[in-house]
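Scroll down for the structure; my scribbles are underneath it.
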There are 2 protein chains.
Amino acid sequence: MSKKKPTILEVAARAGVGLGTVSRVLNNHKAVRPETRARVLKAMEELGYTPNPHARRIAGGRSYTVSVLLPFVATEFYRRLVEGIEGVLLEKRYDLALFPILSQARLRRYLESSTLAFLTDGLILASYDLSEHFEGGRLPTDRPVVLVDAKNPRYDSVYLDNFLGGHLAGEYLARFPGPIFAVKVEEEPDRAFRHTVFAERLAGFQEALKEAGRPFPEGHLYTTRLSQEGGRLALRHFLERASPPLNVFAGADQVALGILEEAERLGLTLGKEVRVLGFDGHPFTEEVGLSTIAQPVEAMGARAAQLLLERMQGYAGPPRAVRFEPLLIERASTRTSPAVPYLP
Amino acid sequence: MSKKKPTILEVAARAGVGLGTVSRVLNNHKAVRPETRARVLKAMEELGYTPNPHARRIAGGRSYTVSVLLPFVATEFYRRLVEGIEGVLLEKRYDLALFPILSQARLRRYLESSTLAFLTDGLILASYDLSEHFEGGRLPTDRPVVLVDAKNPRYDSVYLDNFLGGHLAGEYLARFPGPIFAVKVEEEPDRAFRHTVFAERLAGFQEALKEAGRPFPEGHLYTTRLSQEGGRLALRHFLERASPPLNVFAGADQVALGILEEAERLGLTLGKEVRVLGFDGHPFTEEVGLSTIAQPVEAMGARAAQLLLERMQGYAGPPRAVRFEPLLIERASTRTSPAVPYLP
DNA sequence: GTTCCTGGTGGAAGCGCTTCATGGAAACTT
DNA sequence: AAGTTTCCATGAAGCGCTTCCACCAGGAAC
C-alpha cells in the first residue's frame with residue numbers, strides 16, 4: 001500500500017536546499033526566507049512527506065504528539081471534549097493519541113509504558129481524581145499534564161463550576177409553584193475515575209433552595225445510576241409523594257430524558273404539570289425541548305489544550321485553575337408558553 | 001520525577017559487554033551465551049532500563065508496540081477482550097496502545113496519523129466492519145492487521161459463531177412449554193461500527209425454532225436498543241400477548257437483566273412463569289442466576305493476538321478465519337429446580 | 001599440524017530527525 | 001572603503017537503537 005516514506009533529505013533535494021533548512025521549516029524557525037520556505041513546503045506536498053515523530057523524538061526534539069487519557073465511558077461529553085482539544089492542537093500541527101482508561105491498573109501501565117512515556121510531549125487527563133489514586137496526587141511522568149473536568153492543586157486544571165450549575169438550577173426552579181424534587185446521580189462503582197460532580201451539583205441546588213426559602217425534605221431526593229431508566233423510576237417515586245404540578249431537577253440530561261418519557265407516558269403536561277430541568281447540554285436536549293444547565297464542553301477542551309501548549313512551550317508558572325460557568329438554557333420542558341422567555 | 005533514562009550503552013558498560021550484545025539480548029538472538037545473557041539482564045534490571053521504542057523503530061527494527069482499535073463503547077466485552085489480547089502480548093514483551101474509535105472520521109485519522117502509522121508493528125481492530133467504510137474493505141496501512149469480533153476476507157479474523165449461538169438458544173427454549181418470544185437488539189445509530197451480530201443471533205434462533213416445529217409469529221419479536229430498559233419494555237410487551245409461562249430469548253445479557261428485574265417486580269416466578277435466556281456470558285449473569293449463551297471473549301482476544309504475532313513474524317499465508325463457538329450456560333432463570341441439570 | 005567451521009562477541013554504519021557550529025552574502029556602519 | 005552586524009543557509013554530530021561485518025576463540029575434519 002504505502003511505499004517507503006520520503007525523508008527530509010528527499011525533500012531537501014527536491015527543494016534544492018540543505019536538510020537543515022527543511023528542518024527549520026518543520027519547526028517554524030524564524031531564519032528562513034519566505035520564498036525558500038514556500039519552496040520547501042511545496043516539495044513536501046509533492047512528495048507527500050510526513051515527518052516521522054519517532055525520529056523527532058529521538059533527535060531530542062518534540063514529537064508533536066499529545067496523549068489524551070479519558071474514561072472508557074461512551075458519552076457525548078467526551079466526544080465533545082476531544083473535539084475541543086483537537087481543534088486547538090491540530091492547528092498547531094500536533095497529533096493526538098487517545099487512551100481509554102479501562103481500569104486503574106491500566107492507567108498506571110500507560111504512564112510507564114514506553115509508548116506513552118517516550119512518545120508524548122504532554123498529556124491531558126479527563127475526569128480523573130488523581131489525589132485518590134496516586135501518591136501525593138502526582139502522576140509518574142515528567143511531561144506536562146493538564147487536567148480537565150477535574151481539579152488538582154499540582155496541575156493546571158480546567159473544570160466546570162458544578163456547584164454554580166446546581167445553584168442556577170435551584171434558583172430557577174424555586175420560581176415555580178409546586179413542590180421541588182431532585183435526582184441524585186450515583187457514582188458508578190468500580191470505575192477508575194471519580195464523579196463528585198453530581199454531589200457538587202446537588203449541593204449548589206440545595207443551597208439555592210435554602211436561600212429561596214423553599215423546603216426540600218429528604219423524600220424529595222431520589223438516588224439512582226446515570227440512566228434513562230433512573231429518570232423513569234424517579235418520576236414514579238416523586239408522584240407517590242405529591243401530585244402535579246411538580247418541579248424536578250434531574251442532575252443529568254440522560255436522567256431528565258427518562259423523566260420526560262415517563263411524564264409523557266403518564267399523560268402529564270410538560271412545562272406545566274411536570275417541569276424538568278436537566279444538566280449537561282447534550283445535543284438531544286434541543287430536539288426534545290429539554291431545559292438544561294449547559295456545559296461549554298468544547299471550550300473546556302480547547303482551553304485545556306491551550307494550557308498544555310503553553311506548558312510544552314516552557315511556561316513554568318504555578319498551576320492554574322480555569323473555572324468555566326454553566327449556562328441555563330430554557331426550553332419547553334419548563335415553560336408552558338414559548339412566548340414567555342425566562343429573564344434572570 | 002524520572003531521571004534521564006539509561007541507554008543501551010550504560011547497560012553494556014555495567015554488564016561488561018559490547019552494545020551489540022545487549023541489543024542481541026533485547027531481541028532474543030540465539031547467539032548469546034546464557035551466562036552473558038543473564039549478566040546483561042541483571043544490569044538492565046539494576047539500572048531500570050527500558051528500551052526506547054522510537055529508537056528501535058528508527059533503527060529499522062520493530063517497536064514492539066501493537067495498537068488495538070476498539071469502539072468507544074464501555075462494555076465488559078471489550079474489557080475482557082483487551083485482557084485476552086494483553087495476556088499474550090505482554091508475555092512476548094510487546095506493548096499495547098488502545099485507541100477508542102470515537103467516530104468514523106477519527107479512525108481514518110488514526111490510520112494516517114503519525115503516531116499509529118509510524119509506531120505500531122501491527123494492529124487489532126475490534127467489532128468493525130471494514131467493507132462498509134473502506135474502499136475494497138482494505139485499511140490504508142501496510143502493517144499486519146487482525147480483526148476480532150468481525151469477519152473480512154482480506155484479513156485474519158477471529159469471530160464468534162453468533163448464528164450457532166442463536167441456534168443453541170432456540171433449540172434450548174423449544175424444549176419448554178409455553179410460547180416463545182425474542183428480543184432483537186437494534187444497532188446503535190451513527191456508530192462507527194456495525195453490529196450484525198444481533199441479526200445473526202436472531203437468524204440462528206429462528207432457524208432452530210423452525211426445525212423444532214415451534215411457531216414464532218411476528219408479534220413475538222420485540223425490537224429495542226441495547227439496554228436494561230429495553231428488556232423491561234419487552235417483557236411488558238410480551239405479557240400483553242400471552243400469559244405465563246413464557247420463554248424469552250433476550251439477545252443480550254443486558255436486555256435479559258431488564259427482563260429479570262421486570263419479572264421480579266411483577267411477581268413472576270423465574271424459571272417457571274418466565275424463563276429468560278441471555279447472550280454474552282457477562283460476569284453478572286452468575287450473580288443473578290441468568291442462563292446465557294457465553295462467548296469465550298478472552299480466548300478470542302488471545303487468539304487474535306497470536307495471529308497478529310505470527311503475521312508480525314513474517315507469516316504471509318492467506319487470511320485465516322478463526323471461528324469460536326458459544327457455550328450454553330444454564331442457570332436459575334431457565335430452571336425451576338437446581339437439581340435438574342440440562343443435558344444437551 | 002594445518003584448514004575450516006562454528007558459536008560468541010565487539011563496534012561501525014546508519015535509521016530520520018534536531019541542533020549547532022560555521023560560513024557566505026547582503027545590509028548596515030563609521 | 002573597509003569593518004561590523006544581520007540574515008540565510010549548510011552539513012556534521014549525535015539521539016538510542018538494529019544490523020552487519022569483522023574478529024577470535026575452540027572444536028571438527030583432513
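Below, chains carry the letters A, B, ... as their sequence lines are ordered, and counting in each starts from 1. Computed from a prediction, not measured in an experiment: that's the story for all the values here.
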For B:Glu76, all residues meeting side chain to side chain donor-acceptor pair (under 3.5 Å), sequence neighbours excluded:
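Result, side chain to side chain donor-acceptor pair (under 3.5 Å) vs B:Glu76: none returned.
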
Just jot down the side chain to side chain donor-acceptor pair (under 3.5 Å) partners of B:Lys92, sequence neighbours excluded, or say none.
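Side chain to side chain donor-acceptor pair (under 3.5 Å) check on B:Lys92 returns nothing, list empty.
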
Any residue meeting side chain to side chain contact (heavy atoms under 4.5 Å, CB included) with [X], in chain and number order, not counting sequence neighbours:
X	value
B:Leu41	B:Val25, B:Arg37, B:Met44
A:Tyr155	A:Leu130, A:Arg138, A:Leu139, A:Val145, A:Leu147, A:Asn152
A:Arg311	A:Pro144, A:Asp156, A:Tyr315, A:Arg320
A:Leu90	A:Glu86, B:Arg109

The criterion is salt bridge (Lys or Arg N to Asp or Glu O under 4.0 Å); which residues satisfy it with B:Arg62, sequence neighbours excluded?
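Per chain and number, B:Arg62 pairs via salt bridge (Lys or Arg N to Asp or Glu O under 4.0 Å) with no residue.
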
Polar atom pairs (N or O), protein with nucleotides 5-7 of chain C, under 3.5 Å:
none

What side-chain donor-acceptor pairs closer than 3.5 Å can you find for residues 28-36 of chain B, not counting sequence neighbours?
residue, atom, partner, partner atom, Å
B:Arg33, NH1, B:Glu35, OE2, 3.4

Pairwise N/O distances under 3.5 Å, protein to nucleotides 19-24 of chain D:
none

Scan the side chains in residues 296-305 of chain A for donor-acceptor partners under 3.5 Å anywhere in the protein, sequence neighbours excluded, and list what turns up.
residue, atom, partner, partner atom, Å
A:Glu298, OE1, A:Arg80, NE, 3.3
A:Glu298, OE1, A:Arg80, NH2, 3.2
A:Glu298, OE2, A:Arg80, NE, 3.2
A:Arg303, NH1, A:Gln306, OE1, 3.3

Axis-to-axis angle between the two ends of the helix from C:dG1-D:dC30 to C:dT30-D:dA1 (five base pairs per end, rounded to 10 degrees):
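The angle, to the nearest 10 degrees, is 50°.
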
